[in-house]
Amino acid sequence: MYTLKQQEKQARRGEFLTPHGAIQTPAFMNVATAGAIKGGISAYDLKKLHCQVQLCNTYHLHLRPSDTRIQRLGGVHRFTGWEGPILTDSGGFQVFSLAPLRKIREEGVYFASHIDGCRIFMGPEESMKIQSNLGSTIAMAFDECVENPAPYDYVKASVERTVRWLLRCKRQMDHCNQSEGTLNPRQMLFGINQGGTYDDLRADNMRRIAEIPMDGYAIGGLAVGESKEEMYHIMDVVVPHMPQDKPRYLMGVGKPGNIIEAVSRGIDLFDCVMPSRNARHGHLFTWQGVLNLNNRRYEEDMLPIDPHCGCPACRHHSRAYIRHLLKAHELLAMRLCVQHNLYFYNTLMERIRESIEQGSFASFKNQYVDLLDTRI
RNA sequence: GUGGAUAUAGCUCAGUUGGUUAGAGUGCCAGGUUGUGGCCCUGGAGGUCGUCGGUUCGAACCCGAUUAUCCACC
């Protein structure tokens with residue numbers, strides 16, 4: 001259940017109740033693809049990083065160690081040791097971005113595993129069964145994510161098929177939830193808006209899927225090749241057709257500036273690999289902008305990564321030390337940098353929530369929307 | 001001591017019958033990264049081709065000497 005607690009223009013401050021606890025929105029979901037946030041982060045670290053939600057991946061966990069094994073072991077919560085909300089991505093995006101030799105048919109997608117080349121089929125029913133076996137809090141619909149730009153006719157046909165897939169997802173998830181012995185009988189399901197960069201396809205699709213009762217609605221297929229301006233424009237086109245009383249999730253986005261812009265347009269949930277992936281290579285987000293700790297200028301810099309940050313890395317270690325660890329390929333470098341970036345993202349969301357509560361989000365946006373993405 | 005091999009970017013190595021401005025990988029210095037393959041992409045700096053001399057219009061390349069390293073044999 002989603003409760004809108006406060007609103008400043010389009011920006012929403014809400015609470016999303018799930019079987020695994022409440023999510024205060026706007027929120028960032030920390031990406032733990034294969035059951036762990038890359039960089040040596042454990043479930044018991046997440047509270048310290050102010051993490052509310054973990055995002056795990058259907059595709060990856062299905063291939064390894066398999067959803068059936070995770071089900072036998074008690075589900076993805078027990079398996080990973082994280083008792084809070086977990087969203088599972090449907091596998092749709094991974095099939096399109098990772099797997100070679102894919103063939104898209106009405107029934108689903110035939111593809112080869114990126115691990116061993118094994119031939120696999122995944123369609124809406126398979127994705128729902130896998131996510132049900134995993135027992136995640138929120139399942140995502142199985143969709144096709146089309147890279148931008150794509151020809152109008154291709155996108156139109158793809159979106160229509162994705163709507164047919166959504167209806168199949170819904171039917172299958174209802175069935176899974178009613179099955180005896182299911183791990184999470186109240187597993188939630190989000191639908192996904194697609195339509196490339198075409199206003200009419202996006203708006204039609206959003207109106208259409210809003211009629212299908214879902215626990216939340218996502219915008220997919222953005223930040224996949226189009227410009228920043230096009231992305232914001234598509235959000236302006238889609239959001240007015242999204243239900244007011246359900247959480248809105250912008251998939252795969254983004255930089256701090258993107259998130260602030262999206263919140264100002266009425267988005268509640270985000271996920272992005274950028275804070276963790278960039279952290280593994282020393283690219284760090286701070287309240288002064290983005291810095292690259294590999295840069296020579298930090299060789300003898302005894303300041304923390306961000307003097308205004310309370311994360312474990314900033315409380316205990318200097319830029320000079322962490323830069324050294326990066327250069328020496330010490331695992332601790334990744335762990336500290338990932339901790340910092342996730343703490344930053346989760347704190348960014350906290351400050352966004354506070355500013356909406358205080359009615360000062362507009363000035364928060366004005367102060368930080370460009371600054372946070374700027375290289376220092 | 002004798003014979004042989006090698007010597008080119010910080011490191012590991014290409015380099016055609018001698019022919020414009022000597023290349024690659026890695027590392028270094030920077031930039032990028034948007035529903036994650038601990039990746040990937042883009043740019044930059046960096047070389048008296050061991051040293052000295054010779055042949056030639058022209059030498060990393062051919063010749064001589066020399067130095068260093070390695071191998072084999074006495």
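What you are looking at is a predicted structure, and each value in this text was computed from that prediction instead of being measured. Convention: sequence-line order gives letters A, B, ...; per-chain numbering from 1. No hydrogens, no waters, no symmetry mates; every other heavy atom, side chains included, goes into these values.
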Round to the nearest Å and state the distance from [X] atom [atom1] to [N] atom [atom2].
X	N	atom1	atom2	result
A/Leu291	B/G32	CG	C1'	16 Å
A/Leu372	B/U34	CG	P	19 Å
A/Arg375	B/U42	CZ	P	19 Å
A/Leu293	B/C29	CG	P	12 Å
A/Asn278	B/U33	CG	P	8 Å

Say you pick atom [atom1] in [N] and the same atom in [M]; how far apart are they, in whole Å?
N	M	atom1	value
B/A60	B/A7	C1'	11 Å
B/A68	B/G15	P	28 Å
B/G47	B/A22	P	12 Å
B/C40	B/U21	C1'	31 Å
B/G46	B/G3	P	43 Å
B/U6	B/A45	C1'	29 Å
B/G54	B/A72	C1'	32 Å

Any donor-acceptor pair under 3.5 Å joining the side chain of A/Gln54 to the base of B/G35?
-> no
Can you find an N or O donor on one side and an acceptor on the other, under 3.5 Å apart, linking the side chain of A/Asp143 with the base of B/G35?
-> yes
Between [X] and [N], is there a side-chain N or O to OP1/OP2 distance below 4.0 Å?
X	N	result
A/Asn292	B/G32	no
A/Asn294	B/C29	no
A/Lys255	B/U33	yes

For A/Gly92, report the nucleic acid contact type (base, sugar-phosphate, nothing); a contact means any heavy atom under 4.0 Å.
-> nothing
Sugar-phosphate only, base, or nothing, as touched by A/Asp271 at under 4.0 Å among non-hydrogen atoms | sugar-phosphate
Any ion pair linking [Y] and [X] (charged N to carboxylate O, less than 4.0 Å)?
X	Y	result
A/Asp153	A/Lys156	no
A/Arg323	A/Asp301	no
A/Glu261	A/Arg265	yes

Counting only Watson-Crick pairs (N1-N3 plus N6-O4 or O6-N4) and G-U wobbles (N1-O2, O6-N3), all under 3.5 Å, who is the partner of [N]?
N	result
B/A24	B/U12
B/A65	B/U51
B/A60	none
B/C70	B/G4
B/G43	B/C29

Apply ring pair (Phe, Tyr, Trp, His ring centres under 6.0 Å) to A/Phe28 and A/Phe270, showing your working.
-> CA-CA 5 Å; A/Phe28 180 76; A/Phe270 301 88; 7.7 Å; no
Kindly confirm whether the side-chain ring of A/His281 is stacked on the base of B/C40, judged by centres under 5.5 Å and planes under 30°.
-> no
Which one of A/Arg13, A/Arg353, A/Arg12, A/Lys246 satisfies the salt bridge (charged side-chain N to carboxylate O under 4.0 Å, His left out) criterion with A/Asp268?
-> A/Arg12
Name the closest nucleotide to the A/His114 side chain, picking from B/U34, B/C29, B/G37.
-> B/G37
Is A/Arg207 atom CZ crowded by more than 12 heavy atoms from other residues, nucleotides or ligands, each under 6.0 Å away?
-> yes
